[in-house]
Number of protein chains: 2
Amino acid sequence: MADRNPPPLTPAGYQVLLALADGKAHGYAVMRFVEDVTNGSVQLGPGTLYRTIARLVADGLVEEVSGDDSEPHDARRRYYRMTSLGIDAAKRETDLLARLVGVAENAGLLDSARRSTA
Amino acid sequence: MADRNPPPLTPAGYQVLLALADGKAHGYAVMRFVEDVTNGSVQLGPGTLYRTIARLVADGLVEEVSGDDSEPHDARRRYYRMTSLGIDAAKRETDLLARLVGVAENAGLLDSARRSTA
DNA sequence: TCTCGATATATCCGAAGTGGATATATCCAA
DNA sequence: TTGGATATATCCACTTCGGATATATCGAGA
């Protein structure tokens with residue numbers, strides 16, 4: 001069973017949970033999601049990706065689910081979704097990050113004028 | 001643009017930069033700031049703290065400055081402040097985190113039931 | 001003055017996390 | 001049927017982290 005104490009969430013762990021926020025997804029889709037949502041500034045290689053998923057499952061934050069009927073069947077894919085424990089952890093981490101961003105914003109460290117970079 | 005090789009910012013590195021956002025501070029104050037602003041959920045031990053500061057200085061994101069005249073002199077303290085490079089890095093990281101928080105928020109992962117401290 | 005606990009910095013070590021290479025297999029389109 | 005993209009899995013070297021230990025200074029009070 002997963003422990004009672006909240007296991008600390010690694011950066012990669014949070015990325016994966018975010019990718020699963022909209023529902024279930026398979027590993028490779030998580031990888032593409034993270035790269036996409038961070039504009040390529042965060043990249044999960046296969047090592048970090050599958051190791052992180054395995055750890056999240058072991059900690060009870062994520063569980064494997066069966067494939068979707070709507071999608072074309074692909075035997076290779078393994079789908080995952082957050083557990084309620086995982087949702088809790090994601091909320092806690094989001095709260096923390098939001099607080100940090102707030103502090104940074106108050107200090108003028110939010111450079112929103114950054115869109116097209118050279 | 002300048003930052004061709006932006007040195008990656010570790011979580012601890014970002015915490016330290018945030019603590020220096022309001023001006024200069026010495027290491028021990030950084031430690032207390034981090035613990036305070038995160039409600040104790042993030043704690044930088046001496047190992048991580050001074051190692052991280054040393055790395056930031058080596059990477060040119062932070063520089064040591066002389067002590068303040070207004071404060072009572074304490075020979076032990078070593079004060080630091082962000083360089084312009086450090087400010088850039090902090091802004092970039094803040095942008096990234098803000099984007100992640102936005103994604104989480106859209107997915108209902110912001111447990112705002114806990115607003116400003118009670 | 002002398003002692004003692006809090007403050008402050010520094011370093012070391014084992015544990016954990018990361019990045020990238022490698023391996024293997026399946027899917028799909030040409 | 002062949003090849004490139006998709007998909008998962010594991011291994012190894014490197015970095016980072018957390019905590020213990022060490023050392024020294026400051027300030028308050030006996």
Side-chain angles (χ1 to χ4, degrees), chain A residues 3 5-17 19-20 24-36 38 40-59 61-68 71-80 89 93, chain B residues 5-17 19-20 24-36 38 40-59 61-68 71-80 89 93 96:
Chain A
D3 356 56
N5 322 7
L9 203 52
T10 67
Y14 183 64
Q15 311 276 351
V16 170
L17 289 188
L20 297 180
K24 66 184 174 188
H26 61 284
Y28 204 79
V30 168
M31 192 180 73
R32 277 190 272 110
F33 174 89
V34 169
E35 189 167 350
D36 185 57
T38 65
S41 61
V42 176
Q43 292 183 10
L44 294 188
T48 302
L49 174 66
Y50 294 106
R51 193 189 319 114
T52 298
I53 291 176
R55 194 195 311 131
L56 291 173
V57 169
D59 288 344
L61 304 187
V62 157
E63 62 188 353
E64 188 168 359
V65 293
S66 60
D68 201 320
E71 294 231 356
H73 181 66
D74 188 331
R76 299 169 299 172
R77 294 182 174 176
R78 304 183 63 179
Y79 289 85
Y80 302 90
E93 187 70 9
Chain B
N5 293 340
L9 203 52
T10 66
Y14 184 64
Q15 310 277 352
V16 170
L17 289 188
L20 297 180
K24 68 184 172 190
H26 62 284
Y28 205 77
V30 168
M31 191 181 71
R32 278 190 273 110
F33 173 89
V34 170
E35 189 166 351
D36 185 58
T38 65
S41 61
V42 176
Q43 292 183 9
L44 293 187
T48 301
L49 174 66
Y50 295 107
R51 191 190 319 115
T52 299
I53 292 176
R55 194 194 311 133
L56 291 173
V57 170
D59 289 343
L61 304 186
V62 157
E63 61 188 352
E64 188 168 0
V65 291
S66 60
D68 201 320
E71 294 230 355
H73 180 66
D74 187 331
R76 297 170 300 172
R77 296 183 173 175
R78 303 182 63 179
Y79 289 84
Y80 301 91
E93 188 69 10
L96 173 61

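All chains are named by letter (A, B, ...) in the order of the sequence lines, taking the proteins before the strands, and each is independently numbered beginning at 1. Below, each value reflects all heavy atoms present in this structure, side chains not excepted, and no hydrogens, waters or symmetry copies. Note that the structure is predicted; figures quoted are calculated from it, not measured.
- If you measure from atom CZ of Arg32(A) to atom C1' of dT8(D), you get 14 Å, rounded to the nearest angstrom.
- Going from atom CG of Leu9(A) over to atom P of dG17(C) covers 11 Å, rounded to whole Å.
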N/O-N/O pairs, protein side and nucleotides 17-19 of chain D side, under 3.5 Å:
from    : atom 1 : to       : atom 2 : distance (Å)
dC17(D) : OP1    : Ala12(B) : N      : 3.4
dC17(D) : OP2    : Arg55(B) : NH2    : 3.3
dG18(D) : OP2    : Thr48(B) : OG1    : 3.3
dG18(D) : N7     : Thr48(B) : OG1    : 3.3
dG18(D) : N7     : Arg51(B) : NH2    : 3.4
dG18(D) : O6     : Arg51(B) : NH2    : 2.6

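- Here His26(A) contributes atom NE2 and Arg32(A) contributes atom CZ; the two are 5.5 Å apart, rounded to the nearest 0.5 Å.
- Legend: residues meeting side-chain contact (heavy atoms from CB on, under 4.5 Å) with Glu35(B), ordered by chain and number and at least two apart, are Gln43(B).
- In this structure, NE2 of His26(B) is placed 10 Å from C1' of dT9(C), rounded to the nearest angstrom.
- Between the CZ atom of Arg77(B) and the P atom of dG27(D) there is a distance of 9 Å, rounded to whole Å.
- Taking atom CE of Met31(A) as the reference point, atom C1' of dT18(C) lies 16 Å away to the nearest angstrom.
- Here the CG-CD1 distance, from Leu61(A) to Ile53(A), works out to 12.5 Å after rounding to the nearest 0.5 Å.
- Mapping Asp74(A) and Tyr28(B) onto DNA chain C via the closest heavy atom, the residue that lands nearer the 5' end is Tyr28(B).
- When rounded to the nearest whole Å, the span between CD of Glu64(B) and C1' of dA8(C) equals 13 Å.
- The interatomic distance linking His73(A) (NE2) with dC27(C) (P) rounds to 7 Å, in whole Å.
- In this structure, OH of Tyr80(B) is placed 13 Å from P of dA8(C), rounded to the nearest angstrom.
- The backbone N or O of Thr48(A) sits less than 3.5 Å from a side-chain atom of Thr52(A), completing a donor-acceptor pair.
- In this structure, Tyr80(B) and Val62(B) approach most closely via the heavy-atom pair CB-CG1, 3.7 Å.
- A 4.5 Å side-chain heavy-atom check between Leu9(B) and Leu56(B) finds at least one atom pair inside the cut-off.
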